[in-house]
Amino acid sequence: MSATHLVSDTAALTGRSLRHVLRSPDTIITSAVTPIALMLMFTYVFGGAIDTGTQGPYLEYVLPGILLITVASGVAYTSYRLFLDISSGIVERFRSMPIARPSVLWAHVLTSVVANVAGVAIVVAVALLLGFRTGASAAAWLAVLGMVVLFTLALTWIAVIAGVSATSVDGAGAIGYVLIFLPFLSSAFVPTGTMPGPVAWFAEHQPVTAVIETIRALFAQQPVGDDIWVALAWLVGVLVVAYVAAVAVYRRRIG
């Protein structure tokens with residue numbers, strides 16, 4: 001299997017997956033609806049009663065966490081679509097053809113990246129309509145985009161494990177509930193210092209908090225400090241471990 005073969009097969013299968021997404025754009029819209037609803041609720045219902053310790057409006061504080069919830073919502077569809085491909089026999093049919101085997105998984109992963117970046121763009125557009133403003137430079141916006149893409153890749157490979165391992169549609173989609181819960185146990189909505197001891201310790205040391213603090217600093221044009229290195233270390237580590245586990249599970253089930 002040559003690298004050219006792998007790239008061309010992955011491109012063809014990614015195109016197939018993206019066409020499925022375009023035929024049902026409700027998957028992108030649906031993954032953005034819940035984060036937008038949370039953004040509205042926390043900004044206009046709870047935000048006024050929350051002391052973030054910052055000078056800016058609450059919308060600026062909460063947006064980074066909302067972006068990560070958008071990604072966590074979207075990657076559940078990767079698990080769902082992969083499960084349908086396996087259970088419907090499409091993957092078996094691909095195996096009978098001269099297609100590079102890794103391209104099947106990579107196509108779903110790249111589709112997830114494109115769909116989730118689109119979902120994040122929708123949420124940012126709504127935030128701008130609600131009054132979110134930032135003087136972040138183009139380089140800072142690119143850094144935010146890079147952080148979102150890396151976060152998406154790490155979570156998507158976890159979703160791939162769930163999609164390959166699942167025995168039902170419900171089981172394939174359940175991973176979304178677990179991933180969406182993580183931002184609630186972070187600095188997404190309130191400072192971690194306001195939480196009870198054990199919860200605050202977990203929130204301070206889990207990867208989502210470092211990612212949120214990095215994006216928040218980039219939007220606020222403040223130094224990112226050590227948070228960006230902690231975030232990168234976590235995301236790359238999770239990505240590598242999830243990738244190796246996903247490939248192993250896929251080979252064990254599909255062959």
Side-chain angles (χ1 to χ4, degrees), residues 28-54 56-80 112 116 119-120 122-124 126-127 130 132 144 147-148 150-159 161-162 170-220 227-228 230-231 233-235 237-239 242:
I28 296 177
I29 296 172
T30 301
S31 65
V33 166
T34 299
I36 289 172
L38 287 172
M39 182 165 61
L40 290 171
M41 184 172 64
F42 274 88
T43 299
Y44 295 112
V45 179
F46 303 129
I50 297 175
D51 181 10
T52 62
T54 61
Y58 185 74
L59 178 59
E60 294 180 5
Y61 184 87
V62 79
L63 182 60
I66 294 295
L67 299 183
L68 300 194
I69 289 177
T70 306
V71 174
S73 302
V75 299
Y77 284 106
T78 299
S79 179
Y80 170 75
S112 172
N116 279 292
V120 166
I122 292 173
V123 173
V124 170
V126 173
L130 295 177
F132 172 74
V144 170
M147 195 63 66
V148 168
L150 190 55
F151 185 75
T152 303
L153 284 170
L155 262 58
T156 299
W157 279 108
I158 294 175
I161 298 172
D170 291 338
I175 187 67
Y177 298 107
V178 178
L179 298 178
I180 289 173
F181 190 65
L182 281 178
F184 288 93
L185 292 175
S186 72
S187 63
F189 298 102
V190 298
T192 56
T194 63
M195 302 174 184
V199 180
W201 185 91
F202 177 81
E204 281 286 348
H205 296 88
Q206 64 129 322
V208 171
T209 292
V211 178
I212 287 173
E213 293 301 327
T214 300
I215 295 176
R216 191 172 283 150
L218 289 168
F219 277 149
D227 286 323
I228 190 169
V230 174
W234 265 113
L235 294 181
V238 171
L239 173 58

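Every heavy atom of this structure was used, including side-chain atoms; hydrogens, water molecules and symmetry mates were not.
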| said: I need the Asp227 CG to Thr214 OG1 distance, nearest 0.5 Å. | reply: 5.0 Å
| field | Residue pair Ala32 / Gly119: nearest heavy atoms and the distance that separates them | value | CB-O, 4.2 Å
| Heavy-atom neighbours of Phe219 CZ exceed 12 at 6.0 Å | yes
| Distance from Thr194 atom OG1 to Ile50 atom CD1, nearest 0.5 Å? | 8.5 Å
| remark: CG of Leu68 to CD1 of Ile180, rounded to nearest 0.5 Å, is 12.0 Å
| query | Phe46 and Phe189: aromatic ring centres closer than 6.0 Å? | reply | no
| note | Between Thr209 and Ser186 the two heavy atoms that sit nearest each other are OG1-CB, 3.2 Å
| query | At what distance, to the nearest 0.5 angstrom, does CG of Leu40 lie from CG of Leu130? | reply | 5.5 Å
| task | Please report the closest heavy-atom contact between Thr54 and Thr52, naming both atoms and the distance. | result | OG1-OG1, 2.7 Å
| Nearest non-hydrogen partners of Leu235 and Met147, listed with the distance | CD1-SD, 3.8 Å
| said: Between Ser112 and Trp157, is there a side-chain heavy-atom distance shorter than 4.5 Å? | reply: no
| How would you list, by chain and number, every residue that makes a side-chain hydrogen bond (donor to acceptor under 3.5 Å, both in side chains) with Thr43, sequence neighbours excluded? | none
| remark: Nearest heavy-atom approach of Ile212 to Gly65 is CD1-CA, 3.8 Å
| Considering only heavy atoms from C-beta outward, does the side chain of Ile215 approach that of Leu63 to under 4.5 Å? | no
| field | Test salt bridge (charged side-chain N to carboxylate O under 4.0 Å, His left out) applied to Glu213 - qualifying residues, sequence neighbours left out | value | Arg216
| Heavy atoms, side chains only, cut-off 4.5 Å: are Asn116 and Phe151 in contact? | no
| Can you list the steps and then say if Val208 with Leu185 is a side-chain contact (heavy atoms from CB on, under 4.5 Å)? | CA-CA 9 Å; Val208 171; Leu185 292 175; over 6 Å; no
| Shortest non-hydrogen contact from Ala188 to Tyr61? | O-CE2, 3.8 Å
| query | To the nearest 0.5 Å, what is the distance between CD1 (Ile66) and OG1 (Thr34)? | reply | 10.0 Å
| If you round to the nearest 0.5 Å, how far is CD1 of Ile36 from CD1 of Ile122? | 7.0 Å
| message | If you count heavy atoms of other groups shown closer than 6.0 angstrom to CZ of Phe184, is the number above 12? | response | yes
